[in-house]
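Proteins get letters first, then strands, A, B, ... in listed order; numbering begins at 1 in each.
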Amino acid sequence: MSQVRVRFAPSPTGFFHIGSARTALFNWLYARHTGGVFVLRIEDTDAARNSEEFLRVIYASLTWLGLNWDEGPTVGVCGGGAFGPYRQSERAHLYREYLEKLKAAGRTYEKDGAIWFKLLGERHEVFDEHRKKTVVKVKNAPAVIDDRIRGRVERTEDEDFVIVRSDGNPVFHFVNVVDDIAMQITHVIRGEDHLSNTSKHVELFQAFGAPVPAYAHIPLILKQNGPGKMSKRDQGALIEEYQRRGLLPEALVNFLCLLGWNPGDDREKMPIAEIIRLFDLPGVNQSNARFDEKKLAHMNMAYLLELSADEFVRRAREFFTRLGGENATAKLALAADPAFFRAVMLLSQPKLKGLEELPAYTAYFFTEDFPVDAKAREKALAKGDPAARLRELTAALATADFASDTAIEETIKVLAAARSLAFGDYQPVARLALSGTNVGPPITGMMRVLGRDRVLARLGRFVVG
RNA sequence: GCCCUCAUCGUCUAUCGGUUAGGACAGGGGAUUCUCAAUCCUCAAAGCGGGGUUCAACUCCCCGUGGGGGCACCA
């Protein structure tokens, strides 16, 4: 069998969202699984709605997700190829050429200044309730699609449709098919919302005498609250939003793979190489899937937890850098001593659900001017004699060994034992004095990272009354 | 309204005629613990309805019902 060629063909008319990303992902997976070619084609035939900004977002999002394209617009290491240009706005000559073929074959006519594609078959008029007007339906030999995911899909009726607008610009159905022919696309993997278009496309392929590609219509992603499919305006829809929030792309990719596909067993978290090995079209589900941000968050945490120390620190720094001047903690963290920054990050890594928690979680490490949470204060000072505990702790830590968490823990335990108290009698007030909150990394690690001077200063400065 | 399509726990899903219907997320309980998480154990939770086919149907067929998509000089 000849080489698989698939394409992802977004139009830069809106922000890049999760459904598009998954379509791109499934195409990419299939190309990688089969050793085929992944083509990126920009469908920018609607001049009025296109924007360069949206185009940049497409490139940036695909790159961030790691969905490298073999052919397409050249961006970084991606792109190039022998079938270009890959933006439809630059392929007008080709569409004219193909239009002539259709005209020569007598398959077009003009109406209202636009050029229409003429279907073959028996015609009859019917009132369309949706459009509130009479339309001409064409009953022809059934267009049969042997869908790789859904099986046999048949459609017996269609309508003639516009292929070139009255302003001279060709329309989606037409350019989509022409480019698939010209770029020798073998498999069309797209959202189920295109299923009803497919008969039109099949008829165009046949009109050109071109081989019809294999189709695979993947189920849609439904919004998590309320009815309907996910759209650009829904919570959690935009890819760049995840990037901004510091979600790990590998977690998002893994999560997306599981929305409509599974390896056939219980495995969920898998390296992408393994997914590529196992992915295939017949394994894709037929039913729509509801987006679940909780599961995504869990996947993200799982990936975060297993990052190596170096990698975690690198990503944390990257995240803070992106926040830049907008965030006070980010500014201070980036300016901090790198070794200290690293220690703070590694202390926090096991406790986080996502990088976006980092600024709030680590703020007090980078400044002495941190707020004290009122509720936490009330809770921490409610029991026992916190003022006494604070004094005792300060005295004990003044001469303690700060080299390791266990050394600090030992010091506090010895102190507690001497007074028939427990570690837990010192922990709340110490945590409050050191961080201003009642949640955070282990107190001993916190002390070790802050160092004796800062710890003693904060404990000494803290006023219980 | 017409056309297409889908249907297992709240959610994502496994099962491809014979299982105590399995896993994951979320939820309840417990263990662990210096807080909060994480982790471990545990509980609760599903075959849309009705007809067939078959010795046997979650699984195959039909009809309902419900969900989703489409019905542009958008893509």
Side-chain angles (χ1 to χ4, degrees), chain A residues 9-14 20 43-46 48-50 88 111-116 126-132 135 137 145 147 150-151 153-159 161-173 175-176 190-199 217 219-220 222 224 227-229 255 258-269 285-299 301-302 305 348 350-353 357 361 376 379-380 409 412-413 416 422-428 430-432 435 437-446:
Chain A
S11 68
T13 56
S20 306
E43 305 220 331
D44 53 353
T45 54
D46 186 353
R49 298 201 306 149
N50 287 320
Q88 290 183 329
K111 195 174 99 187
D112 305 330
I115 300 172
W116 295 64
V126 63
F127 186 76
D128 186 307
E129 200 64 39
H130 180 75
R131 280 172 290 178
K132 306 290 180 205
V135 299
K137 299 271 189 187
I145 305 149
D147 195 278
R150 327 190 80 85
V153 178
E154 191 180 292
R155 197 184 183 85
T156 53
E157 242 181 17
D158 257 313
E159 291 167 35
F161 53 93
V162 169
I163 52 177
V164 180
R165 296 186 185 89
S166 49
D167 67 3
N169 283 316
V171 162
F172 164 71
H173 298 300
V175 294
N176 189 265
R190 53 169 31 164
E192 201 220 65
D193 48 346
H194 283 290
L195 190 54
S196 326
N197 293 146
T198 307
S199 56
H217 286 92
L220 301 180
L222 270 29
Q224 58 181 346
K229 65 172 175 173
F255 172 79
L258 262 21
L259 231 45
W261 175 87
N262 67 80
D265 54 37
D266 286 342
R267 281 177 299 168
E268 294 200 326
K269 183 165 171 294
N285 286 117
Q286 304 182 36
S287 46
N288 296 338
R290 202 166 290 276
F291 179 78
D292 181 3
E293 62 173 356
K294 291 254 183 63
K295 188 141 186 172
L296 172 58
H298 180 265
M299 188 66 81
M301 185 198 65
L305 233 34
S348 308
K351 315 290 274 185
L352 298 171
K353 277 203 161 19
E357 294 176 351
Y361 199 79
K379 219 173 151 187
E409 187 178 350
I412 300 175
K413 280 191 169 158
F423 190 103
D425 290 304
Y426 291 90
Q427 193 270 142
R431 180 178 295 281
L432 186 70
S435 71
T437 83
N438 57 354
V439 299
I443 191 83
T444 52
M446 192 191 291

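Residues meeting the side chain to side chain contact (heavy atoms under 4.5 Å, CB included) test with A:Asp158, sequence neighbours left out: A:Leu119, A:Arg155, A:Ser199, A:Lys200, A:Glu203. The side chain to side chain donor-acceptor pair (under 3.5 Å) search around A:His194 returns A:Asn197, not counting sequence neighbours. Partners of A:Asp112 according to the side chain to side chain contact (heavy atoms under 4.5 Å, CB included) rule, which considers only residues two or more places apart in sequence or in another chain, do not exist here. In this structure, the side chain to side chain donor-acceptor pair (under 3.5 Å) partners of A:Asp46, at least two apart in sequence or on a different chain, are A:Arg49. Looking at residues two or more places apart in sequence or on another chain, you find a side chain to side chain donor-acceptor pair (under 3.5 Å) between A:Arg190 and A:Thr198, A:His201, A:His217. For A:Asp292, there are no side chain to side chain donor-acceptor pair (under 3.5 Å) partners at least two apart in sequence or on another chain. The salt bridge (Lys or Arg N to Asp or Glu O under 4.0 Å) search around A:Lys132 returns A:Glu129, not counting sequence neighbours.
Using N1 to N3 plus N6-O4 or O6-N4 for Watson-Crick, or N1-O2 and O6-N3 for G-U wobble, each under 3.5 Å, B:C2 pairs with B:G70. Nucleotide B:C60 has B:G52 as its partner under the Watson-Crick or G-U criteria, with both atom distances under 3.5 Å. Pairing partner, B:A24: B:U11, with both Watson-Crick or wobble hydrogen-bond distances short of 3.5 Å. The partner of B:A31, taking Watson-Crick or G-U wobble pairs whose two distances both stay under 3.5 Å, is B:U39. In a base pair of the Watson-Crick type (N1 to N3 plus N6-O4 or O6-N4) or a G-U wobble (N1-O2 and O6-N3), with each distance short of 3.5 Å, B:A44 is matched with no nucleotide. Remark: B:G17 base-pairs with no nucleotide in the shown strands. Criterion, Watson-Crick or G-U wobble with two distances under 3.5 Å.
Residues A:Phe172 and A:Asn262 both approach RNA chain B. Their nearest nucleotides, taken by heavy-atom distance, put A:Asn262 toward the 5′ side. The residue among A:Met301 and A:Asp112 whose nearest nucleotide of RNA chain B lies closer to the 5′ end is A:Met301.
For the C1' atom pair drawn from B:A14 and B:C73, the interatomic distance equals 47 Å after rounding to whole Å. A distance of about 35 Å separates the P atoms of B:A44 and B:C6, rounded to the whole Å.
Closest approach to the A:Ser11 side chain among B:C73, B:A37, B:A75 is made by B:A75 (side chain taken as heavy atoms from C-beta onward). Relative to the side chain of A:Asp128, the nucleotides B:C71, B:G69, B:C74 differ in distance, and B:C71 lies closest. The side chain of A:Gln427 approaches B:C34 more closely than any other nucleotide in the set B:C34, B:G1, B:A75. Counting only heavy atoms from C-beta on, A:Val439 has its side chain closest to B:U35 among B:C74, B:A75, B:U35.
Going from atom OG1 of A:Thr13 over to atom CG of A:Asp44 covers 10.0 Å, rounded to the nearest 0.5 Å.
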Which letter, B, S or -, goes with each nucleotide of nucleotides 18-27 of chain B from 5' to 3', with contact meaning a protein heavy atom under 4.0 Å?
----BBBSS-

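Residue A:Glu192 is tested with A:Lys229, A:Gln286, A:Arg150 for a side-chain hydrogen bond (donor to acceptor under 3.5 Å, both in side chains); the sole match is A:Arg150.
As judged by a 4.0 angstrom heavy-atom cut-off over every strand, A:Pro428 is placed among residues making no nucleic acid contact. The residue A:Ile163 sits apart from the nucleic acid: no heavy atom pair falls under 4.0 Å. Heavy atoms of A:Gly191 sit nowhere under 4.0 angstrom from any nucleic acid atom. Across all strands, A:Pro227 comes closer than 4.0 Å only to sugar-phosphate atoms, never to a base (heavy-atom distances). At a threshold of 4.0 angstrom between heavy atoms, the contacts of A:Ile443 include nucleobase atoms, whether or not backbone atoms are also involved.
Side chain A:Thr13 to base B:C74: no donor-acceptor pair is found below 3.5 Å.
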Within the sub-3.5 Å range, which N or O atoms of nucleotides 4-6 of chain B have a protein N or O partner, and how far apart are they?
| residue | atom | partner | partner atom | Å |
| --- | --- | --- | --- | --- |
| B:U5 | O2' | A:Arg150 | NH2 | 3.0 |
| B:U5 | O2' | A:Glu192 | OE2 | 3.2 |
| B:C6 | OP1 | A:Gln286 | OE1 | 2.9 |

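For A:Asn285, a side-chain nitrogen or oxygen approaches OP1 or OP2 of B:A14 to under 4.0 Å. Between A:Lys229 and B:G70 there is a side-chain polar atom (N or O) within less than 4.0 angstrom of OP1 or OP2. The shortest distance between the side-chain N/O atoms of A:Thr45 and the OP1/OP2 oxygens of B:A75 is below 4.0 Å.
A donor-acceptor contact shorter than 3.5 Å links the side chain of A:Asp425 to the backbone of A:Ala422.
Checked against the 6.0 Å centroid criterion, the rings of A:Phe255 and A:Phe291 qualify as a close aromatic pair.
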